**Student:** 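To start, I am sharing the structure in question, which I have written as structure tokens.
Note that these values count all heavy atoms, side chains included, but never hydrogens, waters or copies made by symmetry. Residue numbers begin at 1 in each chain, while the letters A, B, ... track the order of the sequences. This structure is a prediction, so every number in the text was calculated from the model and none was measured.
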Amino acid sequence: MRYLAQRLAQFVLVFVVVTFVVMAATRIGSTDPARDLAGGAVSEAQIELVKEDYPYLDDPLVVQYGHWLGDTVTGEWGQSYVQSQSTIDMVKTRLPATIFIGFWAIVIGLAIALPLGVYAAYRRDGMFDRVTSTGSFALISMPPLVVAVLLLFLVVTRFDTFPSVGRSLYVAPWDNPVEHFKNFFIPSLAVGLGLGGIWSRLLRADMILALQSDSVTMARAKGISPRRVLWVHALRGSILSIMTSVALQMSALIGGAVVVEQFFGPKGIGDRLIFAIQQNDILIIQAIAALLTVAVVLANFIVDLLYAVVDPRIRMARTLG
Amino acid sequence: MPVVATSTAKRRRKLPPLGLVVGIGWLAVAIVISGLADFLPFVRGYDEPVRGAGSYGYGPGADFWFGADRLQRDVFARSVYGARISLIIATTSIFAGLLIGGTLGMIAGYFRGWIDRVISIVADALLAFPAIVIASLMVGRFEALRTSEIEVFGVGFGWASPTWAIVIVFSLLSVAPIARITRAQTLSLSQREYVLAARSLGASTPRIITREILPNIVPVMSSVLFTGIAVLLAAESGLAFLGYSVQAPQVSWGLMIQENREQIEQGWWGTVFPCLMLFLTVLSFNLIGDRVARRFDIREATL
């Protein structure tokens with residue numbers, strides 16, 4: 001428990017640092033944050049209106065941050081004056097698309113990594129291993145942008161199934177699963193392939209160690225079928241490192257989603273963030289930054305919790321130490 | 001036949017892996033051509049439209065090796081000049097990052113204390129937030145800073161072109177991860193016997209750091225150098241695609257992809273060639289970095 005409390009404190013600190021850095025960055029090169037918030041070239045009256053809502057914008061940065069943090073924690077997320085849309089509405093309309101891209105990307109990444117990594121480790125240095133090792137090395141050297149271009153060229157332009165570039169729209173799977181697949185498959189694949197490369201390399205290295213461990217030898221000696229030994233006994237230990245890597249890759253995943261949303265479409269929260277950055281719509285930028293950081297931090301915290309649940313040794317060691 | 005067996009084994013060991021050879025070869029070609037682009041006869045100007053060609057009028061062929069784009073410009077020339085800018089940005093930033101981050105990391109690892117704490121918190125924070133978002137935010141704000149009349153110590157920011165802005169931002173963003181890697185290395189090195197020996201012989205702290213620890217960090221740093229360039233190249237292309245890197249008339253791979261992707265059905269060459277160049281270059285740097293890391297037996301350095 002003490003360990004978890006420590007981690008939680010660390011995550012809160014990370015959140016504060018990230019949101020503060022983002023806030024400071026929005027103020028670079030800006031003499032009048034109220035004007036930025038109001039939308040740049042607008043009348044004095046409109047700026048006065050903004051100043052009425054946010055009187056703290058002239059204060060020192062730390063004071064501003066304190067006000068913003070207080071507002072955010074109490075659920076006052078402000079609004080975009082430029083778009084006259086409240087942040088809550090913006091999140092409600094934009095977040096689902098990004099969540100689905102991220103979710104399917106993780107699913108695709110794992111679907112690639114599990115069979116490749118496990119079988120490559122099982123037949124180590126064999127033909128299959130060499131081919132997949134080369135392939136996964138190529139995959140980790142492909143930024144999402146490259147994968148997106150290749151998918152566009154090799155798949156999207158050849159098949160009418162998928163919407164043309166930049167035309168993907170958000171369709172909820174419970175409304176129309178087929179359309180959902182058409183709109184989300186390619187963007188998720190663009191992000192997921194790279195993740196698959198990373199995870200299959202990780203899994204292979206992990207499984208090679210696991211297959212040499214005493215517990216696997218023991219399981220084999222007991223006469224458990226090789227398949228069961230491989231997929232249950234050996235894989236069990238690697239689940240933890242995969243989970244950790246999923247949490248660690250969260251920010252890369254979001255970064256990939258930002259690019260892919262611009263490239264293919266479903267315009268999600270990443271697209272909105274880029275748009276907000278163009279206009280220096282400071283409240284929206286800060287709200288989305290806070291949201292993304294919470295997502296990453298939360299994923300890491302959940303993995304920490306799962307660690308304690310899955311592995312009793314860690315639970316013991318950490319409660320003792 | 002033991003003799004034959006050992007001799008083939010030896011010959012095999014001498015041959016470097018094919019991937020590495022291809023990687024180094026590709027980089028050498030890319031660096032030479034992009035470095036000498038101004039003087040090479042077969043590289044056209046990157047921003048001159050060729051008369052007589054319609055939009056995507058020429059596909060890849062003898063005249064235009066990579067075809068001509070929407071504005072009838074030579075895609076090959078643009079790829080070459082794009083390589084130059086991307087490589088310059090990535091290399092400059094990583095060297096700046098290594099210099100600052102390496103110094104901070106060694107200080108943190110050797111003396112521990114508050115600087116250690118600050119570095120790990122900042123590195124954690126950067127890991128928790130997509131760097132591409134921070135980078136595009138900062139590059140965008142630098143652009144505002146450049147056009148604003150803000151002066152610090154009486155000096156304006158008119159010089160801060162997007163290229164400069166992106167180098168500064170990338171250097172800043174790479175400081176914390178590099179510092180963290182250096183810190184971990186220094187921490188373990190400073191516990192070694194030879195450091196203790198040097199200390200008990202009365203060597204001063206600066207001498208221990210420069211003569212005992214620094215030489216042993218170089219292998220890790222060289223691996224970080226290559227993988228770091230690969231990461232920054234990828235990041236630069238992403239930023240350029242989002243519109244936060246070099247601006248037209250300058251050219252970079254990401255910008256070319258962004259300009260041509262909507263018209264992929266009219267002219268695939270405008271998008272696919274810069275994308276392949278980007279991929280091969282990132283792959284080559286990764287291959288070399290991986291090789292260096294394996295040569296010195298260090299775990300994968302994350303940046």
**Student:** Is the closest side-chain donor-acceptor distance between B/Asn260 and B/Thr271 under 3.5 Å?
**Tutor:** no
**Student:** For B/Leu280, is it the side chain, the backbone, both or neither that has a heavy atom under 4.5 Å from a heavy atom of chain A?
**Tutor:**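 Contact with chain A: none, neither part.
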**Student:** Apply the side chain to side chain contact (heavy atoms under 4.5 Å, CB included) test between B/Val133 and each candidate in A/Ile285, A/Ile288, A/Ile274, A/Leu273; give the one that qualifies.
**Tutor:** A/Leu273
**Student:** Counting only heavy atoms closer than 4.5 Å, note whether A/Phe11 contacts chain B via side chain, backbone, both or neither.
**Tutor:**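 The answer is neither part of A/Phe11.
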**Student:** For A/Ala289, is it the side chain, the backbone, both, or neither that has a heavy atom closer than 4.5 Å to a heavy atom of chain B?
**Tutor:**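 Backbone plus side chain of A/Ala289, per the 4.5 Å heavy-atom cut-off to chain B.
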**Student:** Measuring heavy-atom distances to chain A, does B/Ala230 have an atom under 4.5 Å in its side chain, in its backbone, in both, or in neither?
**Tutor:**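 Neither; nothing under 4.5 Å.
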**Student:** Counting only heavy atoms closer than 4.5 Å, note whether A/Val21 contacts chain B via side chain, backbone, both or neither.
**Tutor:**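 Answer is side chain: those atoms of A/Val21 sit under 4.5 Å from chain B.
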**Student:** Chain A heavy atoms under 4.5 Å from B/Phe241: which part of the residue, side chain, backbone, both or neither?
**Tutor:** side chain
**Student:** Would you mind checking if A/Asp129 and A/Arg124 are paired as a salt bridge, meaning a charged N to carboxylate O distance below 4.0 Å?
**Tutor:**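 No.
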**Student:** As an exercise, state the distance from CZ of B/Arg291 to CD1 of B/Ile24, rounded to the nearest 0.5 Å.
**Tutor:** 10.0 Å
**Student:** Measure distances from B/Ile134 to the heavy atoms of chain A and classify the residue's part below 4.5 Å as side chain, backbone, both or neither.
**Tutor:** side chain
**Student:** Is B/Tyr244 in contact with chain A via its backbone, its side chain, both, or neither, using a 4.5 Å heavy-atom distance?
**Tutor:** side chain
**Student:** Indicate yes or no: does A/Asp271 engage A/Arg94 in a salt bridge with an N to O separation below 4.0 Å.
**Tutor:** yes
**Student:** Answer yes or no: is there a donor N or O on one side and an acceptor on the other, between the side chain of B/Trp253 and the main chain of B/Met277, under 3.5 Å?
**Tutor:**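 No.
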**Student:** Would you mind checking which part of B/Ile257 comes under 4.5 Å of any heavy atom in chain A, side chain (CB onward), backbone (N, CA, C, O), both or neither?
**Tutor:**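 Contact with chain A is through the side chain of B/Ile257 alone.
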**Student:** With a 4.5 angstrom heavy-atom cut-off, could you sort out which part of A/Thr26 is near chain B: side chain, backbone, both or neither?
**Tutor:**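 When you check distances to chain B, atoms from both the backbone and side chain of A/Thr26 fall under 4.5 Å.
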